[in-house]
Number of protein chains: 2
Amino acid sequence: MLTEKELKEYCAGARENYLAHISIDCVVFGFHEGLMKVLLLEVKDEGEWYLPGGFLLKKEPIEMAANRILKERTGLDEIFLQQFHVFGDPDRSKQHFDMYKDMIAPEENWFTNRFLTIGYYALVDFCETNPAPDQFAAKCSWRDLNDLPELKLDHALILKTALDTLRLQLNYQPIGYNLMPKEFTMPELQKLYETILDKKLDRRNFQRRMLGFSILTRSDQPRKGGAHKAPYLYSFDLENYKAALTEGFKGGW
Amino acid sequence: MLTEKELKEYCAGARENYLAHISIDCVVFGFHEGLMKVLLLEVKDEGEWYLPGGFLLKKEPIEMAANRILKERTGLDEIFLQQFHVFGDPDRSKQHFDMYKDMIAPEENWFTNRFLTIGYYALVDFCETNPAPDQFAAKCSWRDLNDLPELKLDHALILKTALDTLRLQLNYQPIGYNLMPKEFTMPELQKLYETILDKKLDRRNFQRRMLGFSILTRSDQPRKGGAHKAPYLYSFDLENYKAALTEGFKGGW
DNA sequence: CCAAAAGTGTTGGTAATACACCCATGC
DNA sequence: GCATGGGTGTATTACCAACACTTTTGG
């Protein structure tokens with residue numbers, strides 16, 4: 001939590017540098033040990049959580065802002081980002097940053113403005129991230145998707161919408177390149193799909209289908225060391241992967 | 001084109017009533033005589049065209065603003081609207097309303113601000129619309145999708161993105177309820193799909209597929225009067241239609 | 001040698017494609 | 001009566017889902 005002086009400086013700086021009424025919120029998905037993770041920030045000691053977000057510099061492209069914000073929270077560059085919706089209910093930010101309301105006059109308080117927030121979802125490699133809190137949070141950390149805390153504002157809605165969009169996207173786009181390490185086994189990739197969809201899939205059919213997309217390259221070396229039979233290692237064929245991203249899978253009509 | 005006085009009043013009013021930096025642009029699709037139509041506005045005598053759009057009142061929900069704007073342009077209420085993307089390139093509105101630049105100081109000119117525009121697409125019944133221009137246009141009229149004039153700003157990009165989204169949407173959602181009259185024949189509906197997709201479809205397979213969705217009700221009365229065999233009339237089964245809208249067609253995974 | 005993980009093969013059903021034939025009507 | 005538009009049927013194919021067997025490896 002900021003002191004009164006810090007808050008006033010922040011608000012003055014925000015008004016000078018940021019475009020009014022616009023914010024960006026990011027739903028960052030990661031995948032680790034068979035669980036879907038979401039990156040969240042926690043207000044110190046209050047058990048209040050919210051999505052990584054920020055504002056748009058006056059001359060900054062939107063996507064660049066999202067990248068900047070995520071770079072600050074995760075340390076990562078070149079994240080897979082997808083804009084999915086704008087949330088603009090006039091009341092959505094009513095109780096935002098209520099705790100600061102006695103420190104500053106409402107007309108000076110940046111946060112009492114109405115904000116439309118542009119929702120992005122991001123897919124990142126869990127192991128590569130270095131979560132770092134912003135100035136309003138005590139910590140930034142991964143939370144399990146099926147064990148989420150209560151979220152501030154409409155962030156629960158934003159998260160749910162992101163998840164729905166991601167699940168839909170699965171049907172006509174490859175995903176995984178951004179969530180998996182460079183090399184992985186087919187069962188590991190399957191676990192990712194099962195986790196996102198929250199549903200068990202058939203091993204053999206999954207493999208056939210995946211290979212049918214021709215976006216995977218099988219390595220010569222199987223993964224060794226584990227108990228049981230050594231699985232093959234795969235990596236994404238980036239060229240075909242990107243082609244599939246733009247063209248989509250099932251032609252439909 | 002506005003006079004200097006009108007412009008100054010407009011800008012003062014806009015600053016007072018509208019949320020800064022946000023605009024809304026709508027791609028309104030209609031369907032008539034076998035052709036896909038888009039509603040456009042033309043600046044008087046200049047051959048410059050642009051999409052119906054407007055601004056967001058300070059306390060207005062986004063969707064309500066889109067509805068309000070479309071009501072003004074088309075006379076229609078309860079239009080099918082779908083938010084599809086936010087366009088926010090910092091340079092996107094650089095040359096917007098250039099012709100007014102000598103009338104008003106830049107800092108007073110509402111239009112020299114940076115705007116992020118929220119793109120909506122709408123599907124409407126062509127025959128029900130009463131196109132009406134806004135205060136910056138001489139006329140508002142339907143144009144053929146395959147014979148479009150040059151558009152101002154990034155409106156060509158917005159239109160293309162809307163069309164791509166619509167085509168994608170076809171794969172997992174029913175459409176047509178908003179584009180067709182109450183009753184229609186199967187070949188008429190097929191023409192709609194063919195027009196949107198810009199592709200010929202097989203008569204029999206189209207029918208089988210459509211009926212398979214169980215969103216159509218066949219009327220007892222065939223359409224009479226035309227030459228040749230009288231085709232059946234269909235209407236949408238609203239209950240199933242809406243269920244299909246939310247649940248989607250092909251389950252995918 | 002057995003349990004557990006992983007690789008591969010087969011089959012049946014469903015849905016999409018590509019066809020051909022019949023019916024009604026106006027000219 | 002024939003051209004045209006429209007309704008319906010069928011065979012072939014491709015894909016998806018369900019299922020079974022074999023192989024490898026550590027304990």
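The structure displayed is predicted, hence computed values, not measured ones. Residue numbers start from 1 in every chain, and the chains themselves are labelled A, B, ... in the order their sequence lines are given, proteins ahead of strands. Side chains included, hydrogens not; waters and symmetry mates left out as well; all remaining heavy atoms used.
- Applying the ring pair (Phe, Tyr, Trp, His ring centres under 6.0 Å) test to A:F213 and every residue at least two apart in sequence or in another chain returns A:F249.
- One can place NZ of B:K191 at 14 Å from C1' of D:dG5, the figure rounded to the nearest angstrom.
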Distances for protein N/O vs nucleotides 6-9 of chain C N/O pairs under 3.5 angstrom?
unit_1, atom_1, unit_2, atom_2, d
C:dG7, OP1, A:Y232, N, 3.3
C:dG7, N7, A:R203, NH1, 2.9
C:dG7, O6, A:R203, NH2, 3.0

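- Salt-bridge formation is not detected for the pair B:K199/B:E194: no Lys NZ or Arg NE/NH1/NH2 atom is positioned less than 4.0 Å from an Asp or Glu carboxylate oxygen.
- Side chains of B:D237 and B:Y177: no donor on one and acceptor on the other come within 3.5 Å.
- Regarding B:K200, its NZ atom lies at a distance of 15 Å from the P atom of C:dA18, rounded to whole Å.
- Distance, B:E188 CD to D:dG7 P: 10 Å, rounded to whole Å.
- Side-chain atoms of A:Y120 and A:N67 form no donor-acceptor pair, as typed in the model, at a separation below 3.5 Å.
- With hydrogens and angles disregarded, a donor-acceptor distance shorter than 3.5 Å links the side chain of B:T74 to the backbone of B:L76.
- Between the side chains of A:T117 and A:D25, at least one donor-acceptor pair of N or O atoms lies under 3.5 Å.
- The distance between atom CE of B:M210 and atom P of D:dT8, rounded to the nearest whole Å, is 16 Å.
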